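In what follows, a structure is listed as structure tokens, so that the remarks can point back to it.
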Amino acid sequence: MEYILHIVFLIAGLVASYWGVKQIMSFRLSTRLLNICIASFCKTKQLERAEVVIIDGIRLGVLPDVVTYNTLIDAYCRIISIDAAYSILHRMREAGISPDVITYNCLLAGASRKCLLPQSLDLFEEMLQVGIPPDVWSYNTLMHCFFKSGKPDEAYRVFRDIILSNLSPCPATFNIMINGLCKNGYTDNALGLFRNLQRHEFVPQLVTYNILIDGLCKAGRLGAARRILKELGDSGHQPNAITYTTVMKCCFKSRQFEQGLEILSEMKNKGYTFDGFAYCTVISALVKNGKIKEANDCMEQMVKNGIELDLVSYNTLINLYCKGGKLEEAFKLVDEIEKGGLDCDKYTHTIIIDGLCKAGNIEGAQRHLSYINTLGYDSNLVACNCVIDGLCKAGYVDNAMKMFERMEIRDSFTYTSVVHNLCKAGRFRCASKLLLSCIKGGMKILNSTQHAVLDGLRYSGFTSEARKLRTKIRLARLFH
DNA sequence: CTAGGGTTAG
């Protein structure tokens, strides 16, 4: 397709350069074609090709316009970096083309996608300064960025600004709002806003339904999610692949593995195309349920269908290799990530650390943990939990305890791991102390672990301690 | 041009 467009563009460009009389007409026509061609290359991440077309165009007298540069800026934000996009902005100004509101919106979206709140605010400020008034999409994007940065109050303030100003909100404004509320734990408010909007003749889009279904599923409110799914069916919209992936993921999460697989086959039967999201959902669920063979088959399918691997897909596959005991294969993929110009993230490292632990290489895991601590990730709680559990399972309960004490943040996983393994080592009184501080901290602990402590105390003769612990647990629960 | 689904530990 791109090649055809390229050729069409060249012909149009040639026509334009030779058709002197109707130069203006032709110029417009060929610039439009140029832009279509550029957009096409950008969409397929072929930025070098897009640049070549621009050079070709200039040679033929077809000059890029503001749309050309906006398309490029958006693509550079997505594919390379915001800084790279800024250099396009610079080039644009040098070419004598002034940025417009869309130029800024592209940059804003780029910052928002990477959760760069300060940069978003700066851009917003800059828009006002250079006299390009933000439009409703600028506000939408800023609101989105606040939500993504975990600042729902600020996001809500932007929402109010939109409603109270002359800008009219668009459907996306409400979708971003509903999604942001869900993602920040305000599922009820999201549902309330949804109902309120419906009373005001807002017609929910498919996206709106998908957002709500996902939000309700993640909040564990399966009944409400089912109702919205039913409403989606009654609305005249057809569920799409995203709806299916969302519901499937929800089944896996709520431990309805078989039902999830049923949705998978329904998706296949109805001819929905599988993308990376769908494959990753299924592969992770299979791995979690110990079905390595099936997960491998699924991966094969994924590769055969030519799915381009992004970081999340790589992480999913690395996890599959680790859990399947193929560490070398996992490390090969890590190399592939880095060679492809991507950066490993905290998921990649955590998966590797857990893989090393599970393979019995605790020293390697600890080394990798100290290595990532130098990389400046804000939280390595999951990775720490992996190492703690690994130490325990390898018989180094004391080392695990030392690490446990050093940790500033602990969660339910940390406690469960340590308490469970203290029980296995017969150290029930120590386990009992930690169990209690876990519950007092308002954290859950696996029922089986709690029982291990109580039973352990009883069997080793500490019957009254066991009874006291039960009372204390009940008391502590009352306050949470 | 901008909004929705996928990855880690007990």
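Here the structure is a predicted model, which is why all the values come from computation and not from measurement. Note: hydrogens, waters and symmetry copies are ignored here, and every other heavy atom, side chains too, is used. Residue numbers begin at 1 in each chain, while the letters A, B, ... track the order of the sequences.
The listed nucleotides are B:dG6, B:dG5, B:dT8; the one nearest the side chain of A:I242 is B:dG5. Of all nucleotides listed (B:dG6, B:dG10, B:dG5), B:dG6 comes nearest to the side chain of A:D310. Side-chain proximity of A:N175 to B:dA3, B:dC1, B:dA9: nearest is B:dA3.
Stacking is found between A:Y347 and the pyrimidine-like six-membered ring of the B:dT7 base under the 5.5 Å centre-distance and 30° plane-angle cut-offs.
At whole-Å resolution of the value, CE in A:M267 and C1' in B:dG5 are 9 Å apart. The separation between A:I211 atom CD1 and B:dA3 atom P is 11 Å, rounded to whole Å.
No more than 12 heavy atoms of other residues, nucleotides or ligands shown are found within 6.0 angstrom of NZ on A:K433.
Using a 4.0 Å heavy-atom distance criterion, A:I351 is classed as a sugar-phosphate-only contact.
Distances shorter than 4.0 Å separate none of the side-chain N or O atoms of A:N210 from OP1 or OP2 on B:dG5.
Judged purely by distance below 3.5 Å, without hydrogens or angles, the side chains of A:T71 and A:D74 never pair a donor atom with an acceptor atom. If you check the side chains of A:Y272 and A:N240, you find no donor sitting under 3.5 Å from an acceptor.
For the pair A:D389 and A:N385, the minimum side-chain heavy-atom distance is 4.5 Å or more.
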